[in-house]
Each structure stands twice: as structure tokens, then as C-alpha cells.
Amino acid sequence: MYATDYPRTFPANFMWGGASAASQIEGAWNIEGKGLSGAECIVGGGQHNATQDNVTLKELKAAMADQATNRYPKRHGNDFYHHYRTDIKLMAEMGFKAYRLSIAWSRIFPHGDDQVPNEQGLRFYDRVLAELRHYGIEPVVTLFHYDTPAALTVKYNGWADRRIVAAAKRYTQTVLSRYADQVKYWLTFNEINTGTTGFHATGAIDKDLTPAEQLQLRYQALHHQFVAGAIATKQLRELNPQAKMGCMVGRDQTYPASPNPADVLLAQKEDQLNLFYPDVQVRGEYPEYMNRYFADHHIHIKMAAGDQELLKKYHADYLSFSYYTSRVSNSRPLASDQKITVNMARGFNNPYLTGTPWGWLIDPRGLRVTLNEFWDRYRVPLFIVENGLGAVDQLTTNGQVHDDYRIAYLRDHLVQAKEAIKDGVDLLGYLMWSPIDLVSFSTSEMTKRYGLVYVDLDDKGQGSYRRIRKDSFYWYQNVIQTNGEKLEEEQ
Ligand code: BGP
């Protein structure tokens, strides 16, 4: 006997809101006891991935010694540190139910492994959380968002060395003890599946290694992150069994280039390299298909006694993910100009889709596919914690931004999220990226804007930091007010 009814729209308690990351917004990189993160040592310049995958120890040390702010845009962000009251008020004005932020490890432990936490850093997050509480906005907190303390890269080569796990444990114990009663939704590692692509995710430097040695080092570093995530989950369960610890992956829906079984198989195998992460973090164990991959690539993961039990017992309560684009697997060699490299997607063009100005393929239906696949595979609540459009915005002479392209992008994805809810997917919420313009992670520039609120700031760090509501601000406000009822009519 099947039920004939099904959810027709977003649930009443749906978490509408937005998301951000400390290194892209906070600024205040060298005050009140903060240490440097690796992200704050990446130079600006706007070239895709030009600086994050190729850092040498020499470059890192030079950046650490350099006091410049303008050369490293993540040192100023959008200055949320001094604007958080204004920004949270703007979020409240839009009716936000939830806001995702990350805590900067290096603000709490400037060297990553200090004996005593930096109380001034903790007080900043006390103030931010109090402000969110004041407006009834649910905080969703990421523990690690691409910002391993730079000192730990020098000391341990980031996550490559097992000793970092003890430092991470002290950091997570500190923040979870302080906030476990105030924050119900936590995330361990942002887009953990980008860990094989380089420095930004693991804080490990491997420029001088061969590709094979790099893979070995990166998967080992990722194992340490899995362990640290499970430890944080254990800590949270002990501190507040009602709170939820989620994992977070960057999802690029993968399609075969054609019905050619060779393409279909390739798409499946390439997709497994991304599903590996939620397989470990939600199901609690390394999947069998990775044994073959590791053997083929001569990768040997060193595990300590008890690691497997830890992963099994302290798996994620929910699966959150970012969704910007999709990718194509093609078994035939194509000309290099047909290849695209966007975000972490390294694949081929899709003739059915158009791209953003930065070449990220726009694929709202892929979001519905992802939601259905994740729900079928994992059967844990899902949470969209990033989705948005990076674009060039024009501020008109009378201080307006007419970003109808952003409205269209967000609306089309929300329509598909609603369809997935009708399909039966358990979706906790939708957090767009990002409420207030911020520094792009991959290109370290302001020109690529994501916000519903414009920030008067350029790539050189010049500007008044004034906040200006874009057209999308009013549109999203209405979406939240109506709980997404009228989206389809807008199309
Ligand atoms: C995700 C990251 C974010 C964010 C976003 C947009 O990969 O989790 O930190 O920045 O992508 O990417 P970008 O800023 O590179 O355009």
C-alpha cells in the first residue's frame, strides 16, 4: 500500500539563509591575538587556482613574514570582524532562519597548537553568536574551512603529519565546549573532497613531489582529516547529544558524455572518487572500490589502531554539500580547448549548458539529480550549504545593483530543490553563497561577486566597505517570506 500524498513544497521549518567562511570575510588578520592561516598567505590576482595549488615552503614563509594586507585579499575579507552587526542585521532583514559561518582555527590558536586558547578570539565568536541569537537566526558552524594555521604547515606540513590530529583535537574540544549548547548544527571539513587538489584544503605543501608522491601524501592527509572529524563528532556527542555534526562535500554532478558504456563506466569510476568522502563520513568506512584505486596508484594509507572503529562509530548525522556546477566524463580524448577546469571539476564541456563568466556550467537540474542520488545512497538528512553565482556586478550611479542574472540562478536552483522535496528527499535547508560580497576563494578577488548585498571594495582592497542592497536582496527576502511558494510562477 503506497501513500498517495507527498510534500508539495518546502517544509515549514526549512532553514533559509546563507553561508560564508572566516578567511573570506573576517579580515582583522593580525589583531587581538590572531595568527595567520594558509588562506591569508595566498596572493590575489584573479587567476584561477594560480596560487593555491602551487605554494612552496619558501613562498609560504615569505608571505608569513610579509605584513602587507592588499597583496593577500583574505587578510581583509569584507571586514566582517568590524561589520558583523550590520551584516547580521541585513540577514535578519531578509528573514534568514540560518547562517553558516566558520570559526578560524588561527584566531583561537594562533599557531594551531598553542597550549592555551586565545580568549579574545573566542570573545569575537561569542559576540557573533549572541547577535545571531538576538535575531533568532540558527548558526551553522564549520570547524575547518580551508584555513589551516600557517604555522602548522611549517611545523607538520599541515594535515600530512599525524601529529596535527592532536592539535585539531584541542581546537575542536575548545570551541565545542564553549558553543555546543548554542550551536545545534556543526560541520567538520568544508568540501573535504577537494583534499586531493592541493594546499588550500589540507595545508600540506607538495610542490616538489612527483604526481604519485603527491597523491600518497594527499590521501594520507585526508585520512587524518577523517579521524579529526570523527573525534570532533565524539566530542560533540559527549557535550550535547541533541546537537548534530554533519560532513560537507563539494558536489559536481557527474554525467557520462554519451550512452557509450565506456563513458558510463568512466563516469561511475570518476564519481566514486568523490563519493568516497561521504561513504567514509556517513557510512563510517572506507568503501571497497578504493582498495583497488589505492593499489593501482601505489597508495598506502597508514591507519593507527582504533581509527576504523572511530570512523564507524562517529559518523556524520547529516550530509551537507555545496552545489555550483556539474561535470562530464568522456572516455575519448578531446582537444584541450574542449576541456574545462572549474572549481574542483576537471572535465569536459557540456553542450546543453551555459557557463558563468568564470566558466562554471550552470545546471539547476543537476541539483535535483544530486539530491535524489544522495538521498537514495545515504538516507540521512541533506543540507544545501552553498549555492550561488559569481558574477561581475555594476553599481549604478544612484547606488543600485540590478542582478537579475543572480536572481535567475538562485530561483532555478530553488525550483529544482523543491522538486527534489516532492521526490521525497529529506532536505534541511538552503544556504545560498553568500549573503554579503566576499573575497572569492579560488581567485582571491572581489570582482567575482556572490552577494545579495554589495560591498564597496575592489581587488586592491580599496573602498569604503559600505554595504548596498542588490535587487536580489529584495527578491530573496520575498522568497523566504513566502516559504518559496511562488518560485515557479517567476520562471
Ligand atoms: C566553494 C568554497 C567556498 C567558496 C565557493 C565559491 O568551493 O567552499 O569557500 O568560495 O566555493 O568559490 P569561489 O570563491 O572560488 O568562486
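Since we're looking at a predicted model, the values are computed, not measured. Hydrogens, waters and symmetry mates are skipped; everything else that's a heavy atom, side chains included, is used. Order of listing sets the numbers, starting from 1, for every ligand and every atom in it.
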Between ligand 1 and W360, is the shortest N or O to N or O distance under 3.5 Å?
no
Under 4.0 Å from a heavy atom of Q24: which atoms of ligand 1 are those, numbered in the order shown and with their elements?
3 (C), 4 (C), 9 (O), 10 (O), 14 (O)
Taking atom types as modelled, is there a side-chain donor on N78 or Y465 under 3.5 Å from an acceptor on the other?
no
Answer side chain, backbone, both or neither: which part of S442 comes under 4.0 Å from ligand 1, heavy atoms only.
both
Consider every N or O of M248 and every N or O of ligand 1, then say whether any pair is closer than 3.5 Å.
no
Heavy atoms only: which of Y450, F441, W358, Y146 lies closest to atom 16 (O) of ligand 1?
Y450
Hydrogens and angles aside, do S322 and E191 bring a side-chain donor and acceptor to less than 3.5 Å of each other?
yes
Using distance alone, with no hydrogens and no angle criterion, decide if S326 and D363 have a side-chain donor and acceptor under 3.5 Å apart.
yes
For R100 and T142, does a side-chain donor sit closer than 3.5 Å to a side-chain acceptor?
yes
Donor-acceptor pair between Y324 and D252 side chains, under 3.5 angstrom
no
Numbered in order shown, the ligand 1 atoms found under 4.0 Å of a heavy atom of S440 are 13 (P), 14 (O), 15 (O), 16 (O)
Would you kindly say whether S472 and D403 are connected by a side-chain donor-acceptor distance under 3.5 Å?
yes
Distance-only side-chain donor-acceptor flag, Y286 / D279, under 3.5 Å:
no
So the atoms of ligand 1 within less than 4.0 Å of a heavy atom of H145 turn out to be 3 (C), 8 (O), 9 (O)
Using a strict 4.0 Å cut-off to heavy atoms of K448, name the atoms of ligand 1 that fall inside it.
13 (P), 16 (O)
Could you tell me whether W433 approaches ligand 1 through its side chain, its backbone, both or neither, with non-hydrogen atoms closer than 4.0 Å?
side chain
